[in-house]
Chemist: 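Let me give you the structure first, and then I'll get to my questions.
Proteins come first, then strands; the chains are lettered A, B, ... in the order of their sequence lines, and each starts at number 1.
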Number of protein chains: 2
Amino acid sequence: MARAGLTAERVTIAGAELADEVGLDQVTMSQLARRLGVRDASLYTHVRGLEDLRGRIALLAADEKTIRIAEATSGRAGKDALVAFANAWREYAHEHPGRYTATQTPIQIDPELAAKATGPRRAVELTYGMLRGYGLAEPDLTDAVRLLRSTFHGFVALEAAGGFANERSPQHSWIRALDALHTLLEHWPPSREGDSS
Amino acid sequence: MARAGLTAERVTIAGAELADEVGLDQVTMSQLARRLGVRDASLYTHVRGLEDLRGRIALLAADEKTIRIAEATSGRAGKDALVAFANAWREYAHEHPGRYTATQTPIQIDPELAAKATGPRRAVELTYGMLRGYGLAEPDLTDAVRLLRSTFHGFVALEAAGGFANERSPQHSWIRALDALHTLLEHWPPSREGDSS
DNA sequence: AGTTTGGGCCTAGAGCCCCTAGGAAAGCAA
DNA sequence: TTGCTTTCCTAGGGGCTCTAGGCCCAAACT
């Protein structure tokens, strides 16, 4: 019997492709094995199981998305960087819906594997770097990063879930949202220390 | 054989409870049947299948969340209303993680059932109403509504996925995010018509 | 009261999925 | 060539979804 030449990485990539085509929760060991021309039991030599596979897809997606964003924002600053960052994020989610969904799941993964994953960490660093130009200091910086990530993620998630029923094009709302976030970052409200409302 | 007295509504509620306890994707027909003291095949009298059950849970959650928000914002205006709205949203997500996840799935449901679901529609109306005080006009109003919903949803989604690794408490970031959104709504940037950047 | 009818719940079973155990053969090293 | 490692295989257990068909309870009708 000729060998299929599989490896954990190849299995993960095939899983990611399948996820983008049919949706992450339709990705099944059997179906993936079928696509790879192999019996399903054979996959377990490369991947610990379905849960592990999903974790690997999530890590792959995080890395890819981070690289996209890094390339898009490289050499830019201010609003340019903000728009490039946000568009790279959204475009990745549109192009790879299955991979993107994988990034939303609480990551419970092999620690040795997680150590190799530079994606998530670098993504956060990139966001901080992008905000450097707005002159925010901690803890406002962290708050701003979280606000941006929430908005970006929330927008594409709602968009994917069909949450924008109004006839106005999401693209318009997206551009306006970026305008709004930019002006917000420029006029970040001072924190009222001691106010516990 | 004594009857269990099931109905579509009771099955849905039990499914929602199960989802909150073990996670939406762990909700299975068999497990739900077990909890209800019934054979799994018996559930199909009340619910078309797993997909249908999830849709019903999503609708239930949307209704409940809408009611929560309506109660919280009733009689409030301006920033008071914004904060009450957002907190009600987030608290519902915290208290009912399984139900909340259900609302994120693209709704593909029995049209007759969807017609009975006033939740989603009213939620949007509530959001528009809350923004009335900020003096925005269409299409800015729709854009602002989408921005708010994106941020609220994105924040709780990232929070649930363990996306906030920094040691700063999410609660602090949340409060600051609401501050920021409030000032943003007060200084909503004018749209530059004809600008196609 | 007896009978009919509708519907809730059942058993049986097909088909798919995840995963483990153990065997065979391909590729690599000595 | 011989032996070792690793990939892939077959076999099989157990869980899940969903359909088909039957039984029996309860309300409605005569």
Side-chain angles (χ1 to χ4, degrees), chain A residues 1-59 98 101-102 105-110 112-113, chain B residues 1-59 98 101-102 105-110 112-113:
Chain A
M1 182 67 57
R3 300 210 175 175
L6 293 186
T7 151
E9 195 181 354
R10 281 177 51 81
V11 170
T12 305
I13 291 176
E17 291 170 358
L18 189 56
D20 286 338
E21 292 171 19
V22 303
L24 182 67
D25 44 75
Q26 300 297 325
V27 172
T28 175
M29 285 290 145
S30 327
Q31 187 143 354
L32 183 54
R34 236 168 281 141
R35 149 176 306 224
L36 289 168
V38 129
R39 297 291 166 157
D40 54 342
S42 308
L43 296 180
Y44 289 81
T45 19
H46 307 284
V47 153
R48 215 181 290 278
L50 183 61
E51 209 54 30
D52 182 42
L53 174 67
R54 282 159 118 107
R56 287 168 188 269
I57 294 177
L59 253 44
T101 333
T105 70
I107 309 185
Q108 43 187 0
I109 211 172
D110 210 346
E112 55 146 328
L113 203 70
Chain B
M1 181 68 56
R3 302 213 173 171
L6 294 186
T7 148
E9 194 181 355
R10 280 176 53 82
V11 170
T12 303
I13 291 176
E17 290 169 0
L18 188 56
D20 285 338
E21 290 170 20
V22 302
L24 182 67
D25 44 73
Q26 301 296 328
V27 171
T28 177
M29 285 291 146
S30 326
Q31 188 142 350
L32 184 54
R34 235 168 282 141
R35 151 176 303 224
L36 289 168
V38 131
R39 297 290 165 158
D40 53 343
S42 307
L43 295 180
Y44 290 81
T45 324
H46 307 284
V47 153
R48 216 178 288 276
L50 184 60
E51 208 56 29
D52 182 42
L53 174 68
R54 283 159 120 106
R56 285 168 190 270
I57 294 176
L59 252 44
T101 334
T105 70
I107 309 185
Q108 43 186 2
I109 212 173
D110 209 346
E112 55 145 328
L113 203 69

Chemist: Whole angstroms only, please: what is the CD-P distance between B:Glu51 and D:dT19?
Modeler: 13 Å

Chemist: Going from CG on B:Leu18 to CD1 on B:Ile57, what distance comes out if it is rounded to the nearest 0.5 angstrom?
Modeler: 8.0 Å

Chemist: Closest to the B:Ala41 side chain: D:dT10, C:dA12, D:dC8?
Modeler: C:dA12

Chemist: Which sits closer to the 5' end of DNA chain C, A:Tyr44 or B:Thr45, going by the nucleotide each is nearest to?
Modeler: B:Thr45

Chemist: For A:Arg39 and C:dC19, what is the distance between atoms CZ and P respectively, to the nearest whole Å?
Modeler: 18 Å

Chemist: Could you tell me whether the phosphate oxygens of C:dG7, OP1 or OP2, come under 4.0 Å of any side-chain nitrogen or oxygen in B:His46?
Modeler: no

Chemist: Check nucleotides 14-16 of chain D against the protein and report each pair of N or O atoms closer than 3.5 Å, with its distance, or say if there are none.
Modeler:
residue, atom, partner, partner atom, Å
D:dC16, OP2, B:Arg34, NH2, 2.7
D:dC16, O5', B:Ser30, OG, 3.4
D:dC16, O3', B:Thr28, OG1, 2.4

Chemist: D:dT17 C1' sits how many Å from A:Gln26 CD, rounded?
Modeler: 13 Å

Chemist: Mind calculating the distance between CZ (A:Arg54) and C1' (C:dC19) to the nearest angstrom?
Modeler: 15 Å

Chemist: Would you kindly give the CG-to-P distance between A:Asp40 and D:dT10, to the nearest whole Å?
Modeler: 10 Å

Chemist: Going by heavy atoms in the side chains, are B:Leu43 and B:Leu36 under 4.5 Å from each other?
Modeler: yes

Chemist: How many Å lie between CG on A:Leu6 and C1' on D:dC8, as a whole number?
Modeler: 9 Å

Chemist: Drop me the distance from B:Thr101's OG1 to B:Asp20's CG, to the nearest 0.5 angstrom.
Modeler: 8.0 Å

Chemist: What residues, two or more places apart in sequence or in another chain, satisfy side-chain hydrogen bond (donor to acceptor under 3.5 Å, both in side chains) together with B:Arg34?
Modeler: none

Chemist: Distance check, rounded to the nearest 0.5 Å: A:Thr28 atom OG1 versus A:Arg35 atom CZ?
Modeler: 12.5 Å

Chemist: If you round to the nearest 0.5 Å, how far is CZ of A:Arg56 from CD of A:Glu9?
Modeler: 10.0 Å

